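Both backbone and side-chain heavy atoms feed into the values below; hydrogens, waters and symmetry mates do not. The structure presented is a predicted model; accordingly, all values stated were derived computationally and were not measured. Just so you know, ligand 1 is whichever comes first in the structure, and atom 1 is the first atom listed for that ligand.
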Amino acid sequence: MKRWLILCGILLLLGIQGSNFAQGKRTTLDIYYVDVEGGASTLIVTPAGESILVDAGWPGFDGRDANRIQAAMKRAGINQIDHLVMTHYHTDHFGGIPELARRVPVKNFYDHGPMTALAEDKDFATKYTAYRAAAKDKTITLKPGDTIKLQRATGLPPITLQVLAAHREVVAGKGTPNPACATASLKEEDPSDNARSVAFMLRYGSFDFFDAGDLTWNIEQKLVCPNNLIGEVDLYQVTHHGMNTSNNVVLLQSVKPTVAIMNNGPRKGGSADTIKALRELPSLKALYQGHRNVTIPAEQNVAEEFIANLDEQSDAANMIRATVDANKRSFTVTNDRTGKSQTFQLK
Ligand SMILES: [Zn+2]
(Lines give C-alpha, C1' and ligand atoms only; values in the text may rest on other atoms or scores of the structure.)
Protein backbone atom coordinates (compact mmCIF):
# COMPACT_ATOMS: atom_id res chain seq x y z
CA MET A 1 0.00 0.00 0.00
CA LYS A 2 2.76 2.45 1.02
CA ARG A 3 4.78 1.63 -2.09
CA TRP A 4 1.69 2.17 -4.21
CA LEU A 5 1.14 5.60 -2.65
CA ILE A 6 4.75 6.61 -3.33
CA LEU A 7 4.38 5.47 -6.94
CA CYS A 8 1.18 7.52 -7.28
CA GLY A 9 3.00 10.54 -5.82
CA ILE A 10 5.86 10.21 -8.31
CA LEU A 11 3.47 9.84 -11.22
CA LEU A 12 1.51 12.89 -10.06
CA LEU A 13 4.71 14.97 -9.81
CA LEU A 14 5.81 13.87 -13.27
CA GLY A 15 2.37 14.74 -14.56
CA ILE A 16 2.45 18.26 -13.12
CA GLN A 17 5.97 18.88 -14.38
CA GLY A 18 5.15 17.67 -17.82
CA SER A 19 1.77 19.32 -18.23
CA ASN A 20 1.22 20.99 -21.58
CA PHE A 21 4.80 21.52 -22.55
CA ALA A 22 6.44 18.14 -21.95
CA GLN A 23 8.95 17.21 -24.62
CA GLY A 24 7.06 15.75 -27.53
CA LYS A 25 3.71 17.24 -26.55
CA ARG A 26 4.44 20.71 -27.89
CA THR A 27 3.34 20.73 -31.49
CA THR A 28 3.18 24.39 -32.51
CA LEU A 29 5.53 27.27 -33.20
CA ASP A 30 4.48 30.12 -30.94
CA ILE A 31 5.26 33.81 -31.33
CA TYR A 32 4.49 36.27 -28.51
CA TYR A 33 4.45 40.04 -29.00
CA VAL A 34 5.45 41.27 -25.56
CA ASP A 35 4.08 44.77 -24.99
CA VAL A 36 7.13 46.91 -24.27
CA GLU A 37 5.40 50.23 -24.96
CA GLY A 38 6.88 51.14 -28.32
CA GLY A 39 10.06 49.11 -27.94
CA ALA A 40 10.56 45.65 -29.35
CA SER A 41 10.52 42.19 -27.80
CA THR A 42 9.31 39.17 -29.72
CA LEU A 43 9.46 35.77 -28.06
CA ILE A 44 9.52 32.74 -30.34
CA VAL A 45 9.19 29.19 -28.99
CA THR A 46 9.77 26.36 -31.42
CA PRO A 47 7.90 23.03 -31.44
CA ALA A 48 11.08 21.45 -30.02
CA GLY A 49 10.87 23.87 -27.06
CA GLU A 50 13.78 26.07 -28.05
CA SER A 51 13.38 29.79 -27.39
CA ILE A 52 14.47 32.79 -29.40
CA LEU A 53 13.98 36.26 -27.97
CA VAL A 54 14.31 39.05 -30.50
CA ASP A 55 15.19 42.22 -28.54
CA ALA A 56 14.34 42.84 -24.89
CA GLY A 57 12.60 46.21 -24.67
CA TRP A 58 13.59 49.20 -22.56
CA PRO A 59 15.61 49.45 -19.33
CA GLY A 60 14.17 51.12 -16.21
CA PHE A 61 10.50 51.52 -15.23
CA ASP A 62 11.21 49.21 -12.25
CA GLY A 63 12.05 46.30 -14.53
CA ARG A 64 8.72 46.59 -16.36
CA ASP A 65 9.87 45.04 -19.62
CA ALA A 66 11.80 42.21 -17.96
CA ASN A 67 8.63 41.50 -15.91
CA ARG A 68 6.56 41.34 -19.07
CA ILE A 69 9.05 39.13 -20.91
CA GLN A 70 9.15 36.79 -17.91
CA ALA A 71 5.35 36.65 -17.90
CA ALA A 72 5.41 35.67 -21.59
CA MET A 73 8.08 33.03 -20.90
CA LYS A 74 5.94 31.58 -18.12
CA ARG A 75 2.99 31.37 -20.44
CA ALA A 76 5.16 29.70 -23.05
CA GLY A 77 6.37 27.15 -20.49
CA ILE A 78 10.06 28.01 -20.79
CA ASN A 79 12.57 29.11 -18.18
CA GLN A 80 15.56 30.17 -20.22
CA ILE A 81 16.33 31.99 -23.44
CA ASP A 82 18.36 29.82 -25.80
CA HIS A 83 19.00 32.51 -28.41
CA LEU A 84 18.81 36.25 -27.74
CA VAL A 85 18.91 38.04 -31.07
CA MET A 86 19.50 41.76 -30.62
CA THR A 87 18.63 43.57 -33.86
CA HIS A 88 20.50 46.81 -33.14
CA TYR A 89 21.92 49.03 -30.41
CA HIS A 90 18.99 51.31 -29.67
CA THR A 91 17.70 51.58 -26.11
CA ASP A 92 14.20 50.30 -26.91
CA HIS A 93 15.71 47.03 -28.21
CA PHE A 94 18.89 46.31 -26.26
CA GLY A 95 18.41 48.47 -23.15
CA GLY A 96 16.36 45.78 -21.42
CA ILE A 97 18.88 42.99 -21.90
CA PRO A 98 20.99 43.45 -18.71
CA GLU A 99 17.93 43.32 -16.43
CA LEU A 100 16.52 40.27 -18.19
CA ALA A 101 19.87 38.46 -18.15
CA ARG A 102 20.09 39.07 -14.37
CA ARG A 103 16.82 37.18 -13.94
CA VAL A 104 16.84 34.33 -16.45
CA PRO A 105 19.57 32.23 -18.06
CA VAL A 106 20.44 33.39 -21.57
CA LYS A 107 22.52 30.86 -23.50
CA ASN A 108 23.61 32.71 -26.64
CA PHE A 109 23.77 36.41 -27.49
CA TYR A 110 23.68 37.52 -31.12
CA ASP A 111 24.10 41.01 -32.62
CA HIS A 112 25.33 42.77 -35.76
CA GLY A 113 28.86 43.13 -34.41
CA PRO A 114 30.85 45.12 -31.86
CA MET A 115 30.45 48.91 -31.78
CA THR A 116 32.66 51.57 -30.27
CA ALA A 117 30.32 54.58 -30.45
CA LEU A 118 26.91 55.60 -31.68
CA ALA A 119 26.52 59.16 -32.95
CA GLU A 120 22.82 59.30 -32.04
CA ASP A 121 23.26 58.19 -28.41
CA LYS A 122 25.61 60.05 -26.08
CA ASP A 123 25.05 57.46 -23.34
CA PHE A 124 25.90 54.58 -25.63
CA ALA A 125 29.15 53.63 -23.87
CA THR A 126 27.37 52.98 -20.54
CA LYS A 127 24.61 50.92 -22.15
CA TYR A 128 27.06 49.00 -24.28
CA THR A 129 29.22 48.15 -21.25
CA ALA A 130 26.12 46.84 -19.44
CA TYR A 131 25.18 44.75 -22.46
CA ARG A 132 28.68 43.28 -22.85
CA ALA A 133 28.72 42.43 -19.13
CA ALA A 134 25.31 40.73 -19.40
CA ALA A 135 26.68 38.65 -22.28
CA LYS A 136 29.85 37.94 -20.27
CA ASP A 137 31.68 39.44 -23.25
CA LYS A 138 30.63 36.50 -25.40
CA THR A 139 28.51 37.49 -28.37
CA ILE A 140 28.03 36.02 -31.81
CA THR A 141 28.13 38.39 -34.79
CA LEU A 142 25.42 37.68 -37.33
CA LYS A 143 26.17 38.27 -40.98
CA PRO A 144 23.79 38.05 -43.93
CA GLY A 145 23.43 34.40 -44.93
CA ASP A 146 24.20 33.08 -41.43
CA THR A 147 21.76 30.69 -39.83
CA ILE A 148 20.97 29.93 -36.21
CA LYS A 149 20.75 26.18 -35.91
CA LEU A 150 17.43 25.06 -34.45
CA GLN A 151 16.29 21.59 -33.45
CA ARG A 152 13.64 19.86 -35.46
CA ALA A 153 10.85 18.32 -33.38
CA THR A 154 10.17 14.65 -34.05
CA GLY A 155 7.57 14.15 -36.76
CA LEU A 156 7.33 17.88 -37.55
CA PRO A 157 8.83 19.98 -40.38
CA PRO A 158 12.32 21.47 -40.13
CA ILE A 159 12.73 24.97 -38.71
CA THR A 160 15.38 27.45 -39.85
CA LEU A 161 16.37 30.99 -39.00
CA GLN A 162 18.39 32.75 -41.67
CA VAL A 163 19.85 36.25 -41.48
CA LEU A 164 18.96 38.34 -44.54
CA ALA A 165 20.49 41.67 -43.54
CA ALA A 166 22.91 42.95 -40.91
CA HIS A 167 25.26 45.91 -40.57
CA ARG A 168 23.90 47.50 -43.79
CA GLU A 169 24.69 44.41 -45.88
CA VAL A 170 22.14 42.09 -47.42
CA VAL A 171 22.26 38.40 -48.18
CA ALA A 172 23.97 37.24 -51.35
CA GLY A 173 21.78 35.36 -53.76
CA LYS A 174 19.89 35.64 -56.95
CA GLY A 175 16.32 35.91 -55.75
CA THR A 176 13.79 36.61 -58.44
CA PRO A 177 13.59 39.71 -60.67
CA ASN A 178 11.05 42.04 -59.12
CA PRO A 179 8.64 44.02 -61.32
CA ALA A 180 7.49 46.03 -58.25
CA CYS A 181 10.86 47.85 -58.37
CA ALA A 182 9.60 49.97 -61.28
CA THR A 183 8.09 52.35 -58.71
CA ALA A 184 10.92 52.11 -56.16
CA SER A 185 12.63 55.26 -54.95
CA LEU A 186 15.23 55.89 -52.28
CA LYS A 187 15.07 58.22 -49.29
CA GLU A 188 17.81 60.22 -47.64
CA GLU A 189 20.62 57.98 -46.36
CA ASP A 190 20.09 56.84 -42.74
CA PRO A 191 23.39 56.94 -40.83
CA SER A 192 21.82 55.56 -37.61
CA ASP A 193 22.04 52.06 -36.20
CA ASN A 194 18.53 51.34 -37.51
CA ALA A 195 20.07 50.77 -40.95
CA ARG A 196 22.40 48.17 -39.38
CA SER A 197 19.49 46.15 -37.93
CA VAL A 198 19.60 42.40 -38.20
CA ALA A 199 16.76 41.18 -40.43
CA PHE A 200 15.91 37.50 -40.56
CA MET A 201 13.50 34.96 -41.95
CA LEU A 202 12.16 32.20 -39.72
CA ARG A 203 10.85 29.24 -41.70
CA TYR A 204 8.86 26.40 -40.21
CA GLY A 205 7.59 24.03 -42.86
CA SER A 206 5.96 26.37 -45.34
CA PHE A 207 5.42 29.13 -42.75
CA ASP A 208 7.57 32.23 -43.30
CA PHE A 209 8.01 34.97 -40.72
CA PHE A 210 10.07 38.08 -41.48
CA ASP A 211 11.42 40.38 -38.75
CA ALA A 212 13.73 43.26 -39.67
CA GLY A 213 14.05 45.14 -36.37
CA ASP A 214 14.15 48.85 -37.23
CA LEU A 215 15.73 48.46 -40.67
CA THR A 216 15.17 51.61 -42.73
CA TRP A 217 13.98 52.32 -46.27
CA ASN A 218 17.13 52.15 -48.40
CA ILE A 219 18.47 48.88 -46.97
CA GLU A 220 14.95 47.42 -47.17
CA GLN A 221 15.04 48.30 -50.84
CA LYS A 222 18.30 46.38 -51.31
CA LEU A 223 16.48 43.29 -50.01
CA VAL A 224 13.85 43.43 -52.75
CA CYS A 225 15.39 45.38 -55.67
CA PRO A 226 16.32 44.64 -58.33
CA ASN A 227 15.66 41.06 -57.19
CA ASN A 228 13.43 39.91 -54.35
CA LEU A 229 15.82 38.18 -51.92
CA ILE A 230 13.13 37.67 -49.26
CA GLY A 231 10.34 35.90 -51.14
CA GLU A 232 6.79 36.01 -49.83
CA VAL A 233 5.79 35.72 -46.20
CA ASP A 234 2.88 34.60 -44.09
CA LEU A 235 3.66 36.86 -41.14
CA TYR A 236 5.37 40.25 -41.31
CA GLN A 237 6.56 42.03 -38.19
CA VAL A 238 5.89 45.62 -39.14
CA THR A 239 9.36 47.14 -39.18
CA HIS A 240 10.48 49.97 -36.85
CA HIS A 241 7.21 50.04 -34.87
CA GLY A 242 5.38 51.08 -38.04
CA MET A 243 7.31 54.26 -38.75
CA ASN A 244 7.21 55.55 -42.31
CA THR A 245 10.99 55.85 -42.56
CA SER A 246 10.82 52.05 -42.74
CA ASN A 247 8.28 49.73 -44.35
CA ASN A 248 9.40 50.59 -47.88
CA VAL A 249 6.23 50.17 -49.92
CA VAL A 250 8.06 48.12 -52.55
CA LEU A 251 9.18 45.68 -49.85
CA LEU A 252 5.60 45.38 -48.59
CA GLN A 253 4.33 44.77 -52.13
CA SER A 254 7.07 42.19 -52.71
CA VAL A 255 6.77 40.09 -49.56
CA LYS A 256 2.96 40.05 -49.81
CA PRO A 257 2.22 39.32 -46.14
CA THR A 258 -0.98 37.57 -45.11
CA VAL A 259 -0.82 39.05 -41.60
CA ALA A 260 1.19 41.96 -40.20
CA ILE A 261 1.81 42.67 -36.51
CA MET A 262 2.98 46.11 -35.44
CA ASN A 263 4.76 46.69 -32.12
CA ASN A 264 3.93 50.38 -31.88
CA GLY A 265 3.35 52.44 -28.75
CA PRO A 266 0.48 54.88 -28.12
CA ARG A 267 2.69 57.74 -29.33
CA LYS A 268 5.46 55.93 -31.14
CA GLY A 269 5.35 54.36 -34.59
CA GLY A 270 2.02 53.32 -36.04
CA SER A 271 2.36 55.92 -38.78
CA ALA A 272 -0.82 56.57 -40.77
CA ASP A 273 1.19 56.12 -44.02
CA THR A 274 2.42 52.68 -42.98
CA ILE A 275 -1.01 51.54 -41.82
CA LYS A 276 -2.51 52.75 -45.12
CA ALA A 277 0.19 51.08 -47.23
CA LEU A 278 -0.32 47.79 -45.41
CA ARG A 279 -4.11 47.91 -45.66
CA GLU A 280 -3.86 48.54 -49.40
CA LEU A 281 -1.94 45.30 -49.97
CA PRO A 282 -4.17 42.80 -51.78
CA SER A 283 -2.46 39.96 -49.88
CA LEU A 284 -3.18 41.33 -46.40
CA LYS A 285 -5.93 39.61 -44.40
CA ALA A 286 -5.25 41.28 -41.04
CA LEU A 287 -3.11 43.97 -39.44
CA TYR A 288 -2.70 44.01 -35.67
CA GLN A 289 -1.44 46.95 -33.60
CA GLY A 290 0.12 46.62 -30.15
CA HIS A 291 -1.42 49.96 -29.20
CA ARG A 292 -3.88 52.42 -30.58
CA ASN A 293 -1.91 55.34 -32.01
CA VAL A 294 -3.53 58.22 -30.07
CA THR A 295 -1.86 60.87 -32.25
CA ILE A 296 -3.88 60.07 -35.38
CA PRO A 297 -7.65 59.92 -35.95
CA ALA A 298 -9.32 56.69 -34.84
CA GLU A 299 -10.22 55.68 -38.40
CA GLN A 300 -6.55 55.77 -39.42
CA ASN A 301 -5.89 53.05 -36.87
CA VAL A 302 -7.12 49.51 -37.53
CA ALA A 303 -10.48 48.44 -36.09
CA GLU A 304 -10.47 48.07 -32.29
CA GLU A 305 -10.69 44.29 -32.37
CA PHE A 306 -7.19 44.25 -33.94
CA ILE A 307 -5.63 46.50 -31.28
CA ALA A 308 -4.18 44.89 -28.15
CA ASN A 309 -4.08 47.99 -25.94
CA LEU A 310 -6.59 50.80 -26.39
CA ASP A 311 -5.79 53.20 -23.55
CA GLU A 312 -2.73 55.36 -23.51
CA GLN A 313 -2.17 54.74 -19.79
CA SER A 314 -2.68 51.02 -19.93
CA ASP A 315 -0.84 48.66 -17.62
CA ALA A 316 -2.67 45.69 -19.06
CA ALA A 317 0.20 44.96 -21.49
CA ASN A 318 -2.00 42.70 -23.59
CA MET A 319 -0.08 40.58 -26.04
CA ILE A 320 -0.75 39.59 -29.60
CA ARG A 321 0.19 35.95 -30.16
CA ALA A 322 0.64 33.82 -33.26
CA THR A 323 0.55 30.03 -33.21
CA VAL A 324 1.60 28.00 -36.23
CA ASP A 325 0.22 24.51 -36.74
CA ALA A 326 2.20 22.89 -39.56
CA ASN A 327 -0.05 19.84 -39.68
CA LYS A 328 -3.12 21.99 -40.31
CA ARG A 329 -1.12 24.27 -42.64
CA SER A 330 -2.46 27.29 -40.79
CA PHE A 331 -1.60 29.88 -38.17
CA THR A 332 -3.82 31.52 -35.62
CA VAL A 333 -3.44 35.04 -34.26
CA THR A 334 -4.96 35.98 -30.91
CA ASN A 335 -5.55 39.40 -29.42
CA ASP A 336 -5.18 38.80 -25.66
CA ARG A 337 -7.30 41.85 -24.84
CA THR A 338 -10.41 40.31 -26.35
CA GLY A 339 -9.38 36.66 -26.39
CA LYS A 340 -10.54 36.57 -30.01
CA SER A 341 -8.56 34.50 -32.52
CA GLN A 342 -8.45 34.36 -36.27
CA THR A 343 -6.95 31.53 -38.32
CA PHE A 344 -5.15 31.97 -41.64
CA GLN A 345 -4.03 29.40 -44.19
CA LEU A 346 -0.32 29.16 -44.95
CA LYS A 347 0.78 30.07 -48.46
ZN1 LIG B 1 12.99 50.68 -32.12
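Screening residues 138-150 for side-chain hydrogen bond (donor to acceptor under 3.5 Å, both in side chains), with sequence neighbours left out, gives R132-T139. Listed by first and then second residue, the side-chain hydrogen bond (donor to acceptor under 3.5 Å, both in side chains) pairs involving residues 116-125 are H90-E120, D121-K127 (not counting sequence neighbours).
The six-membered or imidazole ring of F94 lies away from that of H88, with a centre-to-centre distance of 6.0 Å or more. Ring centroid separation for the pair H241 and H291 does not come in under the 6.0 Å cut-off.
Sorted by chain and number, the protein atoms of type N, O or S within less than 2.8 Å of the Zn ion (ligand 1) are D92 OD2, H93 NE2, D214 OD2, H241 NE2.
Counting Ile, Leu, Val, Met, Phe, Trp and Tyr side chains that sit under 4.5 Å apart, directly or through other members, V249 shares a hydrophobic cluster with W217.
Side-chain contact of D214 with H93: a donor-acceptor pair under 3.5 Å is present, judged by distance alone.
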